[in-house]
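Here the structure comes first, spelled out in structure tokens, and everything after it is commentary.
This is a predicted model, so every value here is computed, not measured.
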Amino acid sequence: RYSVSKYTSIALVSLGIFTCTFMSAKQVASESGLNHEDGPQAFLWWLLGIAALTFALLMSARMGIFQETLYQKYGKHSKEALFYNHALPLPGFLLLAPNIFQHAVLFSQSEPFQVPVLGLTLPIMWFYLLMNVITQYICIRGVFILTTECPSLTVTLVVTLRKFVSLIFSILYFQNPFTGWHWLGTAFVFVGTLMYTEVWHSLGPFLARCRGSSRRQKEE
């Protein structure tokens, strides 16, 4: 059970992410030059995508609760959970074998790239894939370690904030307009995160100690 401030913080974070996502989608739709006939169809596909992402997020949150129960009953084994979560779905990629092979051929035909430290030369797309795998492993390893130390709600909030940072980085990197609505959504996420972490409860004693030390210095 959570307090009212926790529910409020999660609602603010969700509202902020929804605001930024919705405004970014509107910009993409307006810049794509769709005609009036294709507009409703594109909007329905966008709604379908948002629904799929929402369903995936809910299932991820439910899996976090299930993992928390497992850790409490059988002990904290993040490496084992990480292995089974990624090993069991591997046979499903056999359904995409032709597509994977096609992209492997395209990767091999990309321009050569020399790795700075190792001095190896390999196609640049394979280098990008290697860097993506390494960074994804670091990220997901951290998430699974976090599931052993924090409640599932905290893990879900951290993962959601990571996705929000990726959204903001994408907006800035691809030089998309960052409107007032984006600033409002960012403010919602920032305030909601501060409310969830209850950082002001920690700042209160810290500021009191700072004021007490400054008084003692003046008296001396």
*Other than Tyr74, which residues form its hydrophobic cluster under the rule that side-chain heavy atoms must be closer than 4.5 Å?*
Phe66, Leu70

*Begin from the C-alpha positions of Met59 and Met63 and carry the test side-chain contact (heavy atoms from CB on, under 4.5 Å) through to its verdict.*
CA-CA 6 Å; Met59 290 298 100; Met63 186 178 69; over 6 Å; no

*Lys6 to Tyr196 six-membered ring, cation-pi geometry met (6.0 Å, 45°)*: yes

_Rounded at 0.5 Å granularity, tell me how far SG in Cys20 sits from CG in Leu15._
9.5 Å

*Walk me through it: do Val13 and Thr193 pass the test side-chain contact (heavy atoms from CB on, under 4.5 Å)?*
CA-CA 7 Å; Val13 172; Thr193 304; 4.1 Å; yes

*What distance separates Thr135 OG1 from Ile140 CD1, expressed to the nearest 0.5 Å?*
11.5 Å

*Rounded to the nearest 0.5 Å, how far does CZ of Phe144 lie from CD of Glu149?*
14.5 Å

*Linking I/L/V/M/F/W/Y whenever any side-chain heavy atoms sit under 4.5 Å apart, do Leu95 and Ile100 land together?*
no

*Residues two or more places apart in sequence or in another chain: which of them pass side-chain hydrogen bond (donor to acceptor under 3.5 Å, both in side chains) with Gln67?*
none

*asked:* Is any side-chain heavy atom of Glu68 closer than 4.5 Å to one of Thr147?
replied: no

_Asn99: side-chain hydrogen bond (donor to acceptor under 3.5 Å, both in side chains) partners, not counting sequence neighbours_ = His103

*Quickly, which of Ile10, Ile17, Leu12 forms a side-chain contact (heavy atoms from CB on, under 4.5 Å) with Ser14? Name it, please.*
Ile10

*asked:* Give me each pair satisfying side-chain hydrogen bond (donor to acceptor under 3.5 Å, both in side chains) with a member in residues 105-119, each pair once, sequence neighbours excluded.
replied: Ser108-Trp126

*asked:* Tell me every residue that passes ring pair (Phe, Tyr, Trp, His ring centres under 6.0 Å) with Phe113, counting only those two or more places apart in sequence or in another chain.
replied: Phe127

_Apply the hydrophobic cluster definition, ILVMFWY joined by side-chain contacts under 4.5 Å directly or through others, and give me every member besides Ile145._
none

*Report yes or no: do Tyr173 and Trp183 belong to one cluster of Ile/Leu/Val/Met/Phe/Trp/Tyr joined by side chain heavy-atom distances under 4.5 Å?*
no

*asked:* Are Val105 and Ile124 connected into the same hydrophobic cluster when the rule is that any two of I, L, V, M, F, W, Y join if their side-chain heavy atoms are below 4.5 Å apart?
replied: no

*Can you tell me if Asn132 uses its side chain to pair, donor with acceptor, with the backbone of Tyr128 under 3.5 Å?*
no

*Linking directly or through intermediates, with side-chain heavy atoms under 4.5 Å: list the remaining ILVMFWY members grouped with Leu106, chain and number order.*
none

*Hey, any chance Leu94 and Leu88 share a hydrophobic cluster, counting ILVMFWY side chains that come within less than 4.5 Å of each other, even indirectly?*
no

*When clusters are formed from ILVMFWY side-chain contacts under 4.5 Å, directly or step by step, what else is grouped with Leu53?*
none

*Qualifying residues under side-chain hydrogen bond (donor to acceptor under 3.5 Å, both in side chains), relative to Arg141, sequence neighbours excluded*: Tyr137

*Does any N or O in the side chain of Lys76 come within less than 3.5 Å of the main-chain N or O of Thr148, such that one atom is a donor and the other an acceptor?*
yes

*Taking only residues two or more places apart in sequence, or in another chain, which ones meet Ser3 in a side-chain hydrogen bond (donor to acceptor under 3.5 Å, both in side chains)?*
Ser5

*Phe169 reachable from Phe188 in the ILVMFWY side-chain graph, under 4.5 Å edges*: no

*Return the set of residues passing ring pair (Phe, Tyr, Trp, His ring centres under 6.0 Å) with Trp181 (not counting sequence neighbours), or none when no residue passes.*
none

_Approximate separation, where rounding is to 0.5 Å, of Ile50 CD1 and Trp45 CH2_ = 14.0 Å

*Find the distance between CG (Leu58) and CZ (Arg62) and round it off to the nearest 0.5 Å.*
12.0 Å

*Only pairs at least two apart or in different chains count here, so list each ring-ring contact (aromatic ring centres under 6.0 Å, His included) that has a residue in residues 76-102.*
none

_Could you report the tightest heavy-atom contact between Ala81 and Asn85, atom names first, then the distance?_
O-ND2, 2.7 Å

